[in-house]
Structures are given as C-alpha cells and as structure tokens.
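Notes follow the structure.
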Amino acid sequence: MALSCSGPEAAADPDRRGVERANAYFNAAAGYNLLGAAEQTSGACQTDGACYQSALTLLEKSFANQEDALIRTDNAAPLPPADERFILRRRLAQAQALTGAARSGSSACQEPEPCLSAASDALAVLDLAALASRKDDPVSTIACRALELDTEINQLKGAEHEYAAMAGFRQIIRYCPQLAASASDRLARIAFNRGEQLRRSMAETVASNAPQSQSAALGASAAASYRDAAGSDAVKLAAYRGLGAVSLSLADLEPGKAAEHFSAAADAFNAAQALSAATPDDTHAGDLEQLGGSYLKLAGTQRPIDPKENGKLIEAAVRVLEKSASLSPTYNRQMILGEAYEQAGRHKEAEAVYRLATASGYSGHETAILSLARLLERSGKTQDALSVLEKALATGLESPSIGYEIGRLRFGKSDFSGVIDALPRPSEKLSATQSAEAKYMLSVAETVTRRKGWQARARAYADEAAQANSYSGKYSRQSCVSHILGGGPDVKSGASLQHCPVGDSAETHLLRGMYFLKQAQLIDVSAYDMSSQDDWRSLLRLAQDSFQSGQAAIKLHPQAKPRARFDDIGREIDLAAALAQGNMVVERCRRDVEIETGSQTWKDLEAFFGHYGVLKCSVS
C-alpha cells in the first residue's frame with residue numbers, strides 16, 4: 001500500500017489535484033508507519049527506522065501539496081467532516097512517524113529530543129481534548145488515539161514532562177472510555193514509581209542526617225503518591241505495601257504524630273494482606289507480620305491510653321501474627337509473636353515462642369535469648385534467666401549484650417566477682433545507657449572485692465558513669481565515695497570535691513561531710529605545727545557543718561526520701577541516723593566524746609563510716 005500510494009499513479013501523478021496528491025502521500029506515510037510499528041523488514045523499508053524516515057519524507061510532500069490552512073477555503077463555513085478527519089489523521093501520522101524515528105534512532109533524529117518535541121508540536125496545533133469529547137465518530141476515536149500518543153511522548157521526554165503525561169492520562173480517562181482502563185493503570189504506575197523514588201530519597205536524607213523535617217516532607221509526598229497508585233489493580237498491592245512502609249518511617253521522623261502514622265500503616269498493611277490472601281505464601285505472611293507489628297506499635301503510642309482499645313489492638317496483633325508464623329515460621333515472626341504474647345499477658349506462650357526461636361539455629365538468635373531472659377526475670381525467675389544467658393555464653397555466643405545482662409543479674413545477686421568476670425570491657429559495643437550502667441556496676445564490684453589496684457579502677461569507672469549521666473543520683477554517689485575510698489593527693493588538696501554532688505539534700509550533705517572527714521584524716525598534723533592543727537580543725541568544722549546542714553534539710557523537706565541505697569554496702573542507709581553518726585565521729589575526733597571500741601555504737605559507726613575509711617581521725 002505504501003509503495004502504491006506514493007507511486008506514479010497516485011501521489012506522484014502530476015495530473016492529480018494537490019489535495020489528492022496530499023491525501024495519497026499521507027496514505028503512503030500511514031502505511032510506512034504501520035511497517036515501522038510492526039518492526040518487520042519488507043521491500044519498502046529494511047528497518048523500522050527506515051520506515052519512519054520514509055513516512056516523514058512522504059508527509060513533508062503531503063504538507064507541500066496541501067497545507068492544513070489551505071484546506072479551508074471559506075473561514076465562515078464549518079470545515080467538512082472529511083477534511084476535519086484528514087487534518088486530524090495526518091497530524092497523528094506525523095507525530096507517530098516522529099516518535100517512531102526518535103525511538104528507533106532513525107537518521108532523521110540524531111538525538112531523540114528534537115523529534116519528540118516536533119511530535120508534540122504536531123499535535124499541539126489541535127485541541128485534542130475538545131475533539132475527544134465530541135460524540136461523533138471517528139473524530140473522537142482518532143483524537144483519543146492522539147491523546148494517548150501525546151502522553152506517551154511526554155513520558156519519553158523524561159521526568160520533567162511527567163506532569164504533562166499525567167494530565168494527558170486524566171483527559172483520556174475523562175473522554176475516552178475505550179482507553180480509560182489502560183490510562184488508569186499507566187497513571188497509577190507513574191504515581192507508584194514516583195512514590196518509590198520519593199521513599200528512596202527519604203531514606204537517603206535520613207542516612208545523611210539531613211533535617212528531619214526534610215525527610216518527613218519527602219515521606220508525606222511518597223505516601224500521597226502511593227495513595228494515588230492504590231486506585232489501580234495493576235499496582236494496588238505494591239502501593240499499599242509502600243504506603244505502610246513509608247508510614248512506619250514517618251512515625252520515627254515525627255514522634256508527635258506517631259499514633260497517626262502507625263494507624264495509617266496498619267490500614268495499609270491490612271489492605272495489603274487482604275489482597276495477598278488469595279496466595280497464602282511467604283509474601284502474605286510478610287503482610288500479616290507488618291500488620292501485627294503496626295498494631296503493637298499503635299497500642300504503644302496511643303495517647304491518652306484507653307485500656308480497652310489497647311487490649312483490642314494487642315489481641316488483633318496476636319491473631320494476625322499467629323497466622324503469619326503458622327504460614328511461614330521465620331525467626332523474626334516468632335520474635336514479634338513473642339512480643340505480642342508478652343503485651344497480652346500470655347507469658348507462657350511468649351516463653352514457648354522465645355525458646356523455639358533460640359533453638360532455630362538462626363545466626364542472630366541473640367535477640368531471642370535476651371528476650372527470653374528478660375521475660376523470665378519479669379516473671380520472677382531470675383535464676384532461670386541467668387541460666388539461659390550463661391548457657392548461651394558457654395556455647396560460644398560471645399555478645400557484649402549477653403555479657404552485660406549476665407553482669408547485671410549477678411549484680412542483683414551481689415555476686416560481685418561474677419560481675420567483674422561477666423561485664424564487657426567498656427571499649428566493647430554497648431548502648432550509651434548500658435555502658436554507663438556497666439561502669440557503675442564495675443566500680444561498685446571493684447569497691448567490694450578490693451583486688452589489687454581496685455581504688456584506681458573503681459574511681460575511673462565511677463567518674464565515667466557520672467560523666468555519661470550526671471543526673472543519676474547513684475552514679476554521682478558512687479563517684480564521690482570512690483574518691484573518698486581512694487584518698488590520695490586530690491582528696492588531700494580538695495581538688496576532687498567536684499566529684500561529690502551539690503544541693504540541699506540530706507544525702508548530698510552526708511557525702512560532702514564524709515569527704516571532709518577523709519580530707520582531715522589525710523592532713524599531716526604535727527604537735528609542733530599550729531597551722532596543720534588549724535587546718536585539721538577547720539576540716540572537721542566543715543564536716544560537722546555538712547552533717548548539721550543535712551539534718552536541717554530533713555526538717556525542711558520532710559517529704560524527701562529518708563533512705564538511700566549504697567550498693568557497695570548492699571543496703572539502704574537511714575540518712576537521719578547516718579548524719580547523727582557523722583556528728584558523733586567529728587566529736588570523737590575532737591575528743592569531745594569517747595566511744596568504746598567493741599560497743600554497739602562503735603559497731604554501728606564501723607559498719608558505715610568504717611567501710612568508707614573515714615572513722616580514723618588522722619593518718620597517725
């Protein structure tokens with residue numbers, strides 16, 4: 001057909017009118033377009049690029065014989081239907097040839113972009129939306145085909161023309177029922193791909209420590225794109241999964257809106273699992289796992305907490321996670337099911353699941369061991385928890401976290417030698433909170449066991465713990481008493497007093513009074529040096545002032561805690577009694593009172609002040 005229409009008996013016949021030759025050249029070009037689209041060699045053209053090149057050449061001749069503007073001879077009269085169809089079809093053919101040439105790398109297009117732009121220009125001279133909206137065929141049908149090609153061109157032109165392509169698809173959906181389903185799917189794919197790209201960008205900004213607001217904005221845009229994509233069956237399942245994943249990320253980025261984002265994640269994963277339920281395999285189990293996890297997170301963030309609503313969420317989580325684990329019992333699914341059982345108060349089932357996970361052979365089963373141990377400890381089975389951890393360590397699972405938990409449990413049992421053996425060295429990887437607590441426990445353990453060189457180690461550990469968390473009362477207390485116990489030049493000069501807490505509390509004044517007692521003890525008092533005697537008496541006055549200030553604080557703040565636990569002694573100290581005893585120690589050093597060695601009063605003083613080495617009045 002292409003050769004016949006362009007031959008001497010048709011388009012090339014000089015005796016024919018211009019409009020007839022233009023029509024013949026157009027028909028020939030349409031034939032070459034069909035050959036190019038079929039990608040089949042023929043006698044007319046050897047390659048699809050050559051076919052499109054021939055089509056463009058013939059279309060140039062068609063326009064040369066009859067321009068669009070010359071078809072209408074009377075501007076006042078309506079354009080005859082046949083001429084209107086011809087103009088529309090020829091412009092469509094021109095755009096098809098240019099698009100095909102751009103795709104195939106035809107010699108007519110050294111670079112695709114100029115040909116694609118020319119194709120857009122060819123269609124831009126027509127109001128395709130208006131033509132497509134008409135009720136008369138075949139004009140509306142041809143216009144719909146042109147709209148479809150125009151959106152395809154915009155997609156080929158790149159991401160910067162994506163919105164133009166989307167606008168074209170929306171026009172197709174509105175005006176072209178026969179193409180609407182395909183357009184809806186393609187529009188949804190664009191939205192889905194944009195959602196995926198935005199989610200990747202969000203992850204990159206999070207990894208680069210960019211402002212959280214920037215990452216959250218990308219996440220919100222990704223969520224909107226996934227919602228747009230979810231309207232099409234073609235990408236609905238993937239879109240809901242993407243929406244659920246980005247909602248979980250947004251909950252981390254916007255803690256104030258965490259409940260809202262977890263709720264959105266639960267809705268998305270619920271829709272996903274409903275779609276994947278037709279094929280109950282690992283992917284469906286994964287959707288259920290995500291849904292159950294979202295329920296648990298939502299239950300943990302709802303404010304204000306509604307016990308009934310939270311209970312329903314946790315029960316729902318248990319149901320879907322049980323189904324997920326039964327479909328595909330992976331290690332992670334067992335772990336999250338165990339967590340759900342715990343939150344539901346079903347500790348026996350949780351213990352069974354955790355034990356199953358510890359025996360799974362999974363290389364990262366350390367988490368299951370830690371979860372099982374914590375569950376046993378919360379259930380009052382501390383020794384069982386310790387046995388689980390020690391067994392894991394004995395079988396070769398060397399983990400700083402497991403070592404830390406063993407040390408912590410031994411610390412609670414006052415097994416201080418075991419604490420030193422079990423706790424990871426401070427250089428090993430622990431969380432900041434664990435590291436500070438480990439240093440505190442090591443300091444206390446060194447203080448109790450008193451192995452060679454213990455003073456320096458106890459002091460260093462305690463100072464590091466207090467520096468890591470200066471708001472912790474027990475860390476500040478241990479730092480202070482470790483300096484008192486160690487003595488040395490820094491205590492003698494008072495340089496280390498900064499390690500003792502300040503404030504108007506009974507405990508604070510007790511610790512500072514003890515420090516001054518130690519400082520006085522370290523002074524070299526000489527009967528021939530009045531200055532040394534004055535310094536010694538001055539420190540005793542500071543100690544007594546501190547003890548008395550502590551007693552005044554108790555009266556001033558009767559609601560304050562009356563006792564404080566000193567872990568190295570292993571018991572709580574009655575602060576009022578200790579402050580009174582501190583005054584007694586000062587009075588004894590001044591020789592205002594005498595306390596018989598071996599008496600109950602002496603034993604009481606020895607149990608506390610003697611333990612910290614501040615019962616002696618001087619080094620002599």
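Other residues, nucleotides and ligands contribute only 12 or fewer heavy atoms inside 6.0 Å of the CD atom of Q197.
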Stepwise salt bridge (Lys or Arg N to Asp or Glu O under 4.0 Å) check, D545 with R512: CA-CA 10 Å; D545 288 345; R512 296 178 77 84; over 6 Å; no

Might you work through the side chain to side chain contact (heavy atoms under 4.5 Å, CB included) test for V614 and V585, ending with a clear yes or no? CA-CA 9 Å; V614 293; V585 172; over 6 Å; no

Criterion salt bridge (Lys or Arg N to Asp or Glu O under 4.0 Å) on E351 and R355, from CA distance to verdict: CA-CA 6 Å; E351 181 180 342; R355 288 192 183 279; 3.1 Å; yes

Go through the steps to decide whether E260 and K257 satisfy the test salt bridge (Lys or Arg N to Asp or Glu O under 4.0 Å), and finish with yes or no. CA-CA 5 Å; E260 175 186 335; K257 298 180 180 178; 5.5 Å; no

Show your reasoning for whether side chain to side chain contact (heavy atoms under 4.5 Å, CB included) applies to L337 and Q334. CA-CA 5 Å; L337 176 58; Q334 289 171 335; 5.7 Å; no

Check against side chain to side chain donor-acceptor pair (under 3.5 Å), S496 and Y515: CA-CA 9 Å; S496 60; Y515 184 93; 2.7 Å; yes

Show, in sequence, the C-alpha distance, side-chain angles and deciding distance for E366 and S399, and conclude whether the side chain to side chain donor-acceptor pair (under 3.5 Å) test is met. CA-CA 8 Å; E366 168 190 341; S399 158; 2.8 Å; yes

Show your reasoning for whether side chain to side chain contact (heavy atoms under 4.5 Å, CB included) applies to S431 and Q434. CA-CA 5 Å; S431 70; Q434 288 177 326; 3.2 Å; yes

Evaluate side chain to side chain contact (heavy atoms under 4.5 Å, CB included) for Y440 paired with D567, printing each intermediate quantity in order. CA-CA 10 Å; Y440 168 75; D567 280 324; 2.5 Å; yes

Between E464 and R457, is the salt bridge (Lys or Arg N to Asp or Glu O under 4.0 Å) condition met? List the steps. CA-CA 11 Å; E464 289 174 12; R457 291 192 298 272; over 6 Å; no

Pair S443, Q478 - check side chain to side chain donor-acceptor pair (under 3.5 Å), show working. CA-CA 8 Å; S443 177; Q478 181 62 21; 3.0 Å; yes

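Atoms CD and CG, from Q519 and L539 in turn, are 4.5 Å apart once rounded to the nearest 0.5 Å. Rounding to the nearest 0.5 Å gives a distance of 11.0 Å between OG of S401 and CD1 of I406. In this structure, SG on C589 lies 6.0 Å from CH2 on W536, to the nearest 0.5 angstrom. Note: S221 OG to R194 CZ = 8.5 Å, rounded to the nearest 0.5 Å. The distance from atom CD1 of I484 to atom CG of L517, rounded to the nearest 0.5 Å, is 8.5 Å.
Partner of E572 under the salt bridge (Lys or Arg N to Asp or Glu O under 4.0 Å) criterion, chosen from K561, R563, K474: R563. The only option from I595, D592, L579 that meets the side-chain contact (heavy atoms from CB on, under 4.5 Å) definition with M584 turns out to be I595.
Side-chain contact between D504 and L556: present, with at least one pair of heavy atoms (C-beta onward) separated by less than 4.5 Å. Between K518 and K492 the shortest side-chain heavy-atom distance does not fall below 4.5 Å. When side chains are defined from C-beta on, H261 does not count as touching L253, because their heavy atoms never get closer than 4.5 Å. At a threshold of 4.5 Å between non-hydrogen side-chain atoms, the residues H365 and L397 count as touching. The closest side-chain heavy-atom distance from S225 to L198 is below 4.5 Å. Between I336 and Y341, every side-chain heavy-atom pair lies at or beyond the 4.5 Å cut-off. Two residues are said to be in side-chain contact when any heavy atoms from C-beta on lie closer than 4.5 Å; Q290 and L248 meet this criterion. M202 places a side-chain heavy atom less than 4.5 Å from the side chain of V246.
Cation-pi check for R477 over F566 is met; the charged atom lies under 6.0 angstrom from the ring centroid and within 45 degrees of its normal.
The existence of a salt bridge linking R378 and E342 is confirmed by a sub-4.0 Å separation between a basic side-chain nitrogen and an acidic carboxylate oxygen. R374 and E377 are not joined by a salt bridge, as no carboxylate oxygen comes within less than 4.0 angstrom of a charged side-chain nitrogen. Checked for salt-bridge contact, E446 and R451 meet the test: a charged N lies under 4.0 Å from a carboxylate O. At a threshold of 4.0 Å, the pair R346-E322 counts as salt-bridged, since one of the basic side-chain nitrogens sits closer than that to a carboxylate oxygen.
Between the side chains of Q600 and D604, a donor-acceptor pair is found at a separation under 3.5 Å. Side-chain N/O atoms of N583 and Q551 include a donor and acceptor closer than 3.5 Å. Donor-acceptor pairing under 3.5 Å is recorded for the side chains of Y612 and D568. At a cut-off of 3.5 Å, with distance as the only test, a side-chain donor of Y226 or R199 sits close to an acceptor on the other residue. A donor atom on one side chain and an acceptor atom on the other are not found under 3.5 Å apart for Y354 and E349.
Between A553 and H509, the shortest heavy-atom distance links the atoms CB-CD2, 4.4 Å. Of all the heavy atoms in F609 and L510, the pair that sits closest is CZ-CD1, 4.2 Å. Considering every non-hydrogen atom in both Y331 and A368, the closest pair reads OH-N, 2.9 Å. A pairwise comparison of heavy atoms in F262 and S294 identifies O-CB, 4.2 Å as the closest pair. The two residues H611 and L485 make their nearest non-hydrogen contact at O-CD2, 3.5 Å. Heavy-atom minimum distance, I569 versus A607: CD1-O, 4.3 Å.
Between the side chain of S324 and the main chain of V320, no donor-acceptor pair closer than 3.5 Å is present. Side-chain N or O atoms of S479 include none that pairs as donor or acceptor with a backbone N or O of Y475 at under 3.5 Å. In this structure, S326 contributes its side chain and K323 its backbone to a donor-acceptor pair below 3.5 Å. Remark: side-chain polar atoms of T301 are paired, donor with acceptor, to backbone N or O of K297 under 3.5 angstrom. Between the R450 side chain and the T447 main chain, a donor and an acceptor come within less than 3.5 Å of each other. When atom types are taken as modelled, the side chain of S476 and the backbone of S472 share a donor-acceptor pair closer than 3.5 angstrom. Under the 3.5 Å distance criterion, the side-chain polar atoms of Q467 are left unmatched by any main-chain donor or acceptor of A462. Side chain of S263 to main chain of A259: no donor-acceptor pair is present (N/O by atom type, distance under 3.5 Å, no hydrogens or angles). R333 places no side-chain N or O within 3.5 Å of a backbone atom of L321 that could act as its donor or acceptor partner. T449 places a side-chain N or O within donor-acceptor distance of the main-chain N or O of A445, the cut-off being under 3.5 Å.
Checked against the 6.0 Å centroid threshold, F416 and F411 count as a close aromatic pair.
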